[in-house]
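Shown next, in structure tokens, is the structure this report addresses.
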Amino acid sequence: ATVALRAGAQADPPGRAGLAAATAALLARGAWLGGRAVDGSAIARAAEALGSPLEAVGGRQLARLSMTVTPPRLDAALALLAAAARRPLLAADDLEQWCQQALDDLRIARSDPGAVAAAVARRLFWGPGGHGAVVTEASLQRLRRADVQTFHRRWARPDASLVVLAGDVAPGAARALAERHFGGWPRPGPTAAPWPLAVAAPAGPRRVFVDMPGASQSGVVLAAPFAGTAAADHRAGEVAAAVLGGGYSARLNQAIRIRAGLSYGVFGAGESDPEAGWWSATAMTEAANAPRVLQLLRDETLRLGAEPPQTDELAARRAALLGGFARRWQTTAGIAAALCEHWAAGRRWAALATYAGEVQAVTAADVRDFARGHWRADALRFAVAGRRADAGTAADGHTLTVSIDDLDFDRPDFGAGR
């Protein structure tokens with residue numbers, strides 16, 4: 001049983017990065033249930049008595065509450081989920097505790113070259129807007145209970161939510177349960193607020209090096225444009241991403257891990273809204289090898305636009321995509337999560353039924369054309385975090401170097417001008 005709210009980090013207001021994550025976490029830390037205020041401990045005990053924790057997860061596009069229970073306990077589980085989604089306490093003490101935990105996590109992440117490079121790459125590609133916003137100590141310290149309450153009122157509403165029941169429950173019974181627990185949910189206004197558009201606004205440097213003295217490893221991240229879910233070439237993009245960085249036998253792993261031995265692996269990931277998206281590839285390497293890894297990431301990405309995949313290569317990557325898609329449907333929790341992500345990305349429901357055929361229909365020429373159109377040299381952005389002496393710099397007007405102590409995501413130059 002899952003309740004998804006279109007209340008992800010992309011909707012964080014300017015200067016309040018982390019607000020969506022805080023709101024999602026607080027949903028499970030207390031709610032009005034049966035006419036009385038119930039704190040997080042009582043919510044947890046009630047959920048565990050039904051055989052499942054009540055999980056609250058925040059993401060870029062949505063917040064998700066979920067439980068996995070046996071069919072006789074579904075009604076009681078939905079009562080807890082509805083209370084958490086509709087009537088959370090959003091207590092000031094819980095927010096303060098969450099912020100302290102988030103600050104601790106942030107300080108740990110700031111010593112991790114991979115996490116630092118990933119955050120810089122996101123900001124470098126998207127710009128300062130909602131999609132490029134990065135949680136910082138300053139943004140967390142600005143959060144107040146009134147911010148969380150306002151965010152919840154704006155985004156937690158029945159016409160911007162999804163309830164998924166996946167398991168041994170008949171459609172009629174599922175509808176009756178949904179009506180019982182969510183049917184009386186009033187809309188806070190006539191229409192839901194417009195969801196922030198995905199518009200990349202990269203500006204300034206194409207490469208950012210973050211100097212982290214003492215780091216033994218460097219994180220190297222490539223950020224590249226990707227097709228929106230409504231674009232005609234979205235499936236071609238998915239296959240292109242799989243060819244380039246979609247597993248052990250993908251091109252980036254072949255070049256960087258297998259042939260050059262520079263990393264334990266290159267990991268690709270993508271995000272798409274209907275309008276646009278981005279794709280990134282991340283590698284950890286010894287600090288002295290960071291410049292070479294960066295060059296290989298660039299060269300292999302550009303090569304795909306000139307050298308399309310061979311027949312066997314294309315077949316293997318399409319099979320990997322289809323296998324990953326199929327595995328998501330092996331558990332009820334996997335089904336619910338897949339449906340929520342599909343909905344949050346603005347995809348048509350019918351696309352689930354046509355996915356396999358569309359992937360199989362992508363040709364080598366489609367992959368080449370996608371790479372040529374989207375992954376041009378001037379569209380790529382790179383972030384490296386590690387020792388400056390080993391990361392290297394280039395005085396070409398497109399490269400910026402900043403100390404980890406000066407790194408500031410609220411500044412267009414990342415704090416390099418300090």
Salt-bridge criterion met for D39 and R29 (N-O under 4.0 Å)
no
Which atom names give the shortest non-hydrogen contact between A166 and A336, and what distance separates them?
CB-N, 4.5 Å
Are the side chain of R376 and the backbone of G373 linked by a donor-acceptor contact shorter than 3.5 Å?
yes
Evaluate side-chain contact (heavy atoms from CB on, under 4.5 Å) for R206 paired with F382, printing each intermediate quantity in order.
CA-CA 6 Å; R206 296 178 185 171; F382 299 89; 5.8 Å; no
Can we call the ring centroids of H131 and F125 under 6.0 Å apart?
no
How long is the straight-line distance from CD of Q141 back to CG of L103, given to the nearest 0.5 Å?
6.0 Å
Closest non-hydrogen atom pair between L296 and A255, with its separation:
CD1-O, 4.1 Å
Ion pair check, D104 and R107, cut-off under 4.0 Å:
yes
Does a side-chain heavy-atom distance below 4.5 Å link L27 with L5?
yes
Between OG on residue S218 and CG on residue L294, distance to nearest 0.5 Å
10.5 Å
Test item: side-chain donor near acceptor, R153 and T150, under 3.5 Å:
yes
Check whether any side-chain heavy atom of D93 sits under 4.5 Å from a side-chain heavy atom of W98, and report yes or no.
no
A side-chain contact here means heavy atoms from C-beta on lying under 4.5 Å apart; do R381 and R122 qualify?
no
Does the structure place the NZ or CZ of R257 under 6.0 Å from the centre of the six-membered ring of Y264, at an angle of no more than 45° from the ring's axis?
no
State, yes or no, whether a side-chain contact exists between V210 and F414 at a heavy-atom distance under 4.5 Å.
no
For a 4.5 angstrom cut-off between non-hydrogen side-chain atoms, does E137 reach L140?
no
So CE of M67 and OG1 of T2: to nearest 0.5 Å the spacing works out to 10.5 Å
Distance-only, no hydrogens or angles: does the H398 side chain make a donor-acceptor pair with backbone N or O of P205 under 3.5 Å?
no
Measure the shortest side-chain to side-chain distance between I108 and D112 over non-hydrogen atoms and say whether it is less than 4.5 angstrom.
no
Non-hydrogen side-chain atoms of W155 and T23 separated by less than 4.5 Å
no
Nearest-0.5 Å distance, CG of residue L222 to CD of residue E300
11.5 Å
Side chain W375, main chain P225, donor-acceptor under 3.5 Å:
yes
Other residues, nucleotides, ligands: >12 heavy atoms within 6.0 Å of E96 CD
no
Between R180 and D75, does at least one N-O distance fall below 4.0 Å, as a salt bridge requires?
yes
Using a 6.0 Å cut-off, check whether atom CZ of R372 has over 12 heavy atoms from anything other than its own residue.
yes
F325 and Y355 aromatic ring geometry - parallel, tilted or perpendicular at 30°/60° bounds:
parallel
Let me know which of D366, L244, L314, T363 forms a side-chain contact (heavy atoms from CB on, under 4.5 Å) with V239.
L314
To the nearest 0.5 Å, how far apart are OG in S139 and CG in L106?
7.5 Å
Determine yes or no for a side-chain-to-main-chain donor-acceptor pair under 3.5 angstrom, with R318 supplying the side chain and Q360 the backbone.
yes
Has R110 got a side-chain atom pairing as donor or acceptor with I404's backbone, closer than 3.5 angstrom?
yes
Donor-acceptor pair, distance only, cut-off 3.5 Å: does the side chain of Q61 make one with the backbone of W343?
no
Are any of the side-chain nitrogens in R251 or E313 under 4.0 Å away from the carboxylate oxygens of its partner?
yes
Please check if the side chain of D406 supplies one atom and the backbone of S403 the other of a donor-acceptor pair under 3.5 Å.
no
Run the side-chain contact (heavy atoms from CB on, under 4.5 Å) check on T285 and V220 step by step: do they pass?
CA-CA 8 Å; T285 187; V220 186; 4.2 Å; yes
Check against side-chain contact (heavy atoms from CB on, under 4.5 Å), H152 and L26
CA-CA 10 Å; H152 182 264; L26 264 59; over 6 Å; no
I'd like to know if the side chain of R86 and the backbone of H181 have a donor-acceptor N/O pair within less than 3.5 Å.
yes
Could you walk me through whether V266 and T282 pass side-chain contact (heavy atoms from CB on, under 4.5 Å), step by step?
CA-CA 6 Å; V266 182; T282 302; over 6 Å; no
Testing D233, D369, T301 for side chain to side chain donor-acceptor pair (under 3.5 Å) with H374, which one passes?
D233
For D299, I'd like to know if atom CG has over 12 heavy atoms of other residues, nucleotides or ligands within 6.0 Å.
yes
Donor-acceptor pair, side chain of S161 and main chain of R6, under 3.5 angstrom
no
Quick one: do the T399 and R207 side chains pair a donor with an acceptor below 3.5 Å?
yes
Is there side-chain contact between L19 and P13, with heavy atoms separated by less than 4.5 Å?
yes
Straight-line distance of L74 CG to L177 CG, nearest 0.5 Å
5.0 Å
Which heavy atom in R16 sits nearest to a heavy atom in L143, and how many Å separate them?
CD-CD2, 3.8 Å
Of all the heavy-atom pairs spanning G247 and N253, show the shortest one and how long it is.
O-ND2, 2.9 Å
Do NZ/NE/NH1/NH2 and the carboxylate oxygens of R328 and E341 come within less than 4.0 Å?
yes
Over all atoms of both residues, closest heavy-atom pair of P308 and A364
CB-O, 3.5 Å
Would the distance check show the side chain of D273 and the main-chain N or O of E275 forming a donor-acceptor pair, the cut-off being under 3.5 Å?
no
Mind listing the closest non-hydrogen atom pair of R317 and A242 along with its distance?
NE-O, 3.1 Å
